[in-house]
Amino acid sequence: MVEHGDIRVVHRGGSKINSREPVVTNDSRFLLCASGERVKVFSTSTEECVHDLRGHTDLVTGVLLRPTNHLQVYSCSVDGTVRLWDFTDGILIKTYDIGYPVYAIYASANHEGVFFIVTPTQSDNRSELFQLVAVHLPQSGDQLVEAQELSAVLSNVSSNPAATGFGRGGEYIASAKGLHLEVYFFKKQKSYRFSLKEDNKKGGKNTLMCIACHPKDDCIATGHEDGKIRLWRNFNHKKEYTYTTLHWHHNAVSSLRFTPEGTNLLSGGLESVLVQWRYNQESERDFLPRLGSAITHIAVSPDGTLFCTSHSDNKITIIQSCVKVSAVIQGLVNGESVRTDLMVDPRSKSLVLNGKPGHLQFYSLQRDKLLYNLDIVQQEYIHELGLQQFEVVKVAFDAPGNWMATVEERKPKAAEPEINLKLWAFDEQTQSFVLNTTVSAPHEAQITSMCFSQAADGQTSMLVSASEDGHFKAWQLPRSACTEDEGPSWSCDFVGDYRGLAPQCCCFSADGSLLAVSFQEVVTVWSPASWELLTTLSQPPKAIRDLCFGRLGCSKYLMGTTASNLLCCWNLLTCSLEWSTSMDVSLLLSDPLTENMAAFCCQAESTDLFVFKPSEPRPVASLKAVCSGKVTRAVFAPREEMLESCEESSQWLNRSQLYFLTQHMDLMTFTTKAEEDRLAASSKQLFIDDSVAMTPFYLLLGKHRKQENQDSLTRLSAELMPLPRGSLAIKELLQSPAHVLPSTSVLCSMFVESLLVSVADGSEESKHAEEEMESEKEEEDSEGEMESRTPRPEPASPGLQSAESAAPALTKAQLKELRRVKKLDHGWLADLLLS
Amino acid sequence: MASFKPTKIQVYPKLGEKVTQDTLYWKNYKAPVQIKEFGAITSIDFSPVAPHNFAVTAFTRIHIYGPFSQEPVKTLTRFKDTAYCGRFRSDGQLLVAGCEDSVVRLFDVSGKAALRMFRGHTKAVHVTDFTSDRYQILTGSDDYTCRLWDIPNATELNSYREHTDYVRCGVTSKLNRDLFITGSYDHTLKLFDARADKSVMTMDHGQPVESLLLYPSEGLLVSAGGRHVKVWDLLKGGQPLVSMKNHHKTVTCLCLSSNGQRLLSASLDRHVKVYNTTNYKVVHNFDYAASILSLALAPNDESIVAGMTNSILSIKHRKSPEESAEVSGQQRRTPSYRVFVKGKNYAPKQDDYLVSKPVKQHLAKYDKQLRTFNVSNSLDTALATWTRLRKPEITVAVIKELDRRGTLKNALAGRDEQWLARLLNFLIGNLVDPRFAAVLAPAAEMILDVYRRVVGQSPLVDRQLLRLQELLEREIDYQQDLLEVLGMLDTLFASSLPRLEVPHPGTSRANGLGAVTSKKR
């Protein structure tokens with residue numbers, strides 16, 4: 001990332017979680033998956049991200065539970081390291097330095113101290129050949145270990161982790177590449193190779209896509225490009241091998257998995273149907289259809305109760321025993337391309353862009369979470385290659401967020417494109433958008449631009465759509481003509497054109513009194529009230545690319561960029577060109593809250609950002625080399641709370657934040673140093689354990705946890721401080737096994753007591769020392785009681801114990817002084833630390 | 001696991017009239033009873049007293065019908081020539097009628113022979129009416145005069161010779177015994193006061209006046225003549241209030257609904273229009289088989305009686321509340337309430353173990369077949385006779401969905417002659433519908449591609465294909481004509497636009513061609 005003084009470009013959310021197979025832990029409580037440079041730990045019941053294992057410096061390519069310890073997990077990465085984590089606490093245990101980029105990792109319980117990785121054959125990254133390498137783990141207590149003992153097992157394997165798998169009891173390893181299946185037996189130290197013909201007679205393609213080995217039986221299942229599944233048996237002989245073929249999928253099988261007992265085989269592919277085949281009774285199949293989008297990976301929990309499927313739309317579905325989808329973990333959907341611009345929903349302040357096919361996704365930027373997907377097309381999605389589907393191509397919101405307009409488009413082969421314009425009203429009750437009007441074929445050709453009138457107070461919104469058919473149309477909601485049974489619906493109010501040219505962009509002024517529509521090199525300015533053509537502005541020789549009105553104090557300016565690398569500013573009062581400058585602006589957008597405008601300029605393979613005010617041609621801020629490639633989508637999102645930065649270069653970020661999409665569909669944003677510091681401070685306070693279900697008891701506990709957190713701050717001044725009584729007692733209760741606890745009748749009173757707010761907690765300065773003394777005694781008494789009643793030694797947290805041992809022995813007077821200090825109100829200190 | 005999303009059936013905006021309270025009210029009548037009379041029915045009058053019989057004047061007779069009888073209760077036949085304008089007195093005991101032979105006859109409703117004969121007019125008498133004191137009769141005649149007669153002595157009280165053409169309509173005030181209004185073919189309406197010798201007010205209708213109507217409050221007067229219906233404010237000295245021109249032939253008769261909220265006008269163009277009397281907008285419209293000469297509404301709008309030039313009397317009775325309920329009950333024969341409620345309102349007790357059952361998603365048959373990728377079967381289902389004829393939008397939606405799935409060709413291929421004929425029939429019926437053309441045109445192309453080789457093997461299919469070809473050729477001609485008209489209009493609009501300094505802003509407000517807006521329900 002590039003630094004510019006104190007403004008930094010950072011990744012914001014939406015990394016892929018479907019790139020590799022997810023892993024379900026032994027107790028089925030957590031789901032681990034590789035997500036960009038991190039490993040994310042999700043709770044399978046609440047779908048929340050519990051931990052974020054950070055440490056790798058490049059793409060994580062594999063996650064694997066440690067066979068010998070089910071609370072630890074290996075992750076491998078392209079950065080050439082394999083790391084071992086404790087995922088329940090989110091702690092890095094060990095780092096093995098391999099030295100080569102690792103593309104996949106495998107391990108088996110029968111091969112202790114060894115794991116298998118896939119690395120490129122040559123050391124350089126660009127090589128196409130990969131090999132499977134066994135790595136012997138050096139026994140060392142150090143954090144960072146260099147793994148030296150490498151021995152090649154198979155050469156020329158596929159880099160796809162699904163194409164390799166361990167067989168029954170780790171006796172053999174099978175790997176598929178292209179048309180070949182290779183099986184390596186560890187005992188015999190021998191490998192067999194089986195090949196298929198390139199094309200069978202019916203024109204199907206035999207290429208192997210994925211592999212799965214039966215856990216209890218000598219059987220290998222392979223999935224093929226033509227949708228067939230082959231079950232190989234007898235493969236420990238070169239000649240006498242057999243296979244049976246199963247065929248249900250009509251497109252390539254992308255993932256295969258046996259259940260842990262080997263009774264069922266799961267397969268998935270583009271059809272987005274999870275197929276469950278009975279092993280040995282393959283004619284019996286179960287289907288779980290309409291999972292949303294193509295299945296890329298399937299994972300099964302070790303006890304076989306949960307299935308997880310990753311999907312191509314950056315989603316992980318958790319399925320309970322092949323009948324019920326119990327949870328969906330959805331990341332920011334990264335389509336092949338974002339056809340709609342980036343938009344910000346004025347109500348929820350969420351980012352709106354193309355999501356699943358035919359959907360719009362509302363993505364909360366603050367919480368980095370997908371809020372919901374809105375079905376725009378409302379048609380059954382047919383999962384088939386090469387089929388022309390409806391796509392959402394344009395979205396617009398009106399200023400208060402009451403109306404949304406969408407355009408969907410389908411281009412059948414050799415036929416007219418089908419275009420639908422839909423208008424959605426915001427429904428207060430359901431807090432979602434409800435379809436109000438559908439206009440089929442609003443224009444005869446593609447819609448190039450669409451915008452709502454910006455007038456904030458005007459109840460009658462107006463939508464203008466410009467199309468390549470040479471017309472622009474204004475749509476309005478008639479207020480009077482609503483009948484009893486149905487509400488008002490939108491209708492066309494005006495059709496305009498200019499010399500038969502195709503309009504490119506349209507833009508309303510801030511007060512909604514002017515509409516600018518660009519027709520090639522001419523900008524026409526219309527009055528929406530009377531639909532009169534007021535004036536024309538032009539700047540030959542090239543067509544206008546972008547149009548933008550100034551806001552607030554600069555609303556008399558109209559900005560435009562042309563294809564001939566010119567940025568022009570017209571003054572609408574004098575109808576003349578105010579200033580122009582030569583720069584290759586790929587995207588121009590205005591901040592709705594301030595006068596600022598941002599221009600992304602593409603220069604020599606990298607993009608620069610200029611922020612300026614239309615009133616003067618001098619940039620307010622400029623950032624060089626923001627990212628490589630061209631930026632075509634960006635948006636200003638209003639901040640929840642204003643920043644108070646005084647520096648001139650970062651003042652433009654005070655009220656809103658600028659998000660943009662790079663060429664590789666990464667969502668980036670700009671942050672200032674102050675903001676980052678604040679974020680870091682607040683993240684220290686956050687401690688969520690979502691592994692516990694939200695029960696009333698949890699809520700009760702949560703309160704105590706919070707207290708604990710607050711206390712941790714005061715601990716800075718008073719090192720010696722016992723934990724609050726209540727939380728300790730409850731912890732005690734929860735952690736000790738039931739058989740060692742005394743009878744409930746004994747415990748009950750103590751437990752209830754512990755729930756009450758203790759006298760000592762209500763610390764007030766007005767209290768006298770005698771009272772304090774008394775309460776101290778009480779506390780000591782009760783603690784003594786507790787110890788006498790619980791036979792187990794009190795499990796205090798190790799940190800606290802060490803602190804206690806480190807602190808020198810204190811005299812009684814000092815102790816009293818310390819207590820007094822502790823009783824003081826330290827709220828102001830916490831505030832100070834926070835700010 | 002998301003549930004299957006059913007095929008979206010496009011909802012098209014309903015064309016034609018909207019269902020309002022008025023349409024519900026005026027459609028709530030039974031099928032008309034039709035009675036053949038001897039000649040054109042010139043007048044219908046309801047008796048103001050209880051059984052509400054009505055007198056129908058046609059040719060040389062007056063038939064009196066009971067409210068529900070289809071045979072006349074009584075027939076008055078003592079006319080030498082065509083009878084006109086049979087009217088009941090306010091007590092329902094006496095009836096007066098004019099005649100082509102210029103004699104006005106007064107009948108007792110229970111008797112047969114005329115009680116009195118009033119002679120004095122020299123030409124046919126088209127207008128007769130009782131004054132509100134019940135002892136006098138107003139007549140208007142083709143001899144341009146209107147006269148007042150005394151019933152007991154059968155003498156003429158007064159004669160007014162102010163009109164300069166036939167007097168063909170007149171109405172007496174129900175509140176004042178001395179006031180009456182006449183309308184004449186000299187285009188004027190005149191208000192007379194029996195206490196004065198001359199008319200007190202004259203209004204010019206502009207066309208020969210055919211019918212007059214006084215509001216119950218008698219502040220407003222409605223006149224019909226030519227294609228116009230005009231409303232006059234009598235309290236403001238005969239100031240014209242509204243002029244309505246909703247018929248395309250002469251308006252012959254006016255009538256007010258019982259609550260005074262709706263005005264009905266009948267015309268030679270075979271329509272009856274219902275107006276709202278607050279804003280004088282047409283709220284409903286009836287059609288009849290022939291030109292209507294007379295129209296009357298029973299008290300409480302119990303029946304609508306219309307007499308036509310082809311001597312048919314049409315009587316429509318209002319449906320009783322039970323009957324209207326019965327009809328809807330027959331349409332939707334549902335199980336009893338108890339069947340649905342059974343077990344649903346059981347509240348679980350504290351110790352009960354709740355087994356939650358997944359909510360079953362209801363899918364249409366074609367959706368079930370689409371879910372299992374049975375594309376041919378789903379197309380069959382969508383082409384079932386009822387769906388194809390009653391809900392073509394479902395058929396079209398399924399075809400569209402198959403096209404989206406890329407399996408339309410598979411679903412269309414391999415069909416037999418009967419099926420293909422059925423599909424082609426559907427195409428012929430719906431291909432040129434602008435709502436469906438975008439979907440059906442590619443489908444039709446695909447059918448031709450698939451079945452190109454078998455053309456000429458089946459006379460049935462070939463005939464359908466020829467019809468399809470004919471239809472398309474005709475449609476292309478229409479489109480060409482429409483484009484020509486559009487071009488003409490454009491030049492007209494362009495020349496009428498004021499010249500602006502800015503060069504040529506091509507503007508057209510809200511034509512929205514090709515945009516079909518639909519409302520999500």
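Residue numbers begin at 1 in each chain, while the letters A, B, ... track the order of the sequences.
Considering every non-hydrogen atom in both R410(A) and D403(B), the closest pair reads NH2-OD2, 4.0 Å. Between F4(B) and R290(A), the closest heavy-atom pair is N-NE, 3.5 Å. The shortest heavy-atom contact between I382(A) and R404(B) is CG1-NH2, 4.3 Å. Shown here for Q379(A) and K5(B), the closest heavy-atom pair between the two residues is O-CD, 3.5 Å.
The number of heavy-atom neighbours closer than 6.0 Å to CD of Q21(B), taken from other residues, nucleotides and ligands shown, is 12 or below.
The distance from the CD atom of E380(A) to the CD atom of E401(B) is 8.0 Å, given to the nearest 0.5 Å. Rounding to the nearest 0.5 angstrom, the gap separating the CG atom in N420(A) from the NZ atom in K8(B) is 8.0 Å.
If you measure heavy-atom distances from Q388(A) to chain B, the contacts under 4.5 Å come from the backbone alone.
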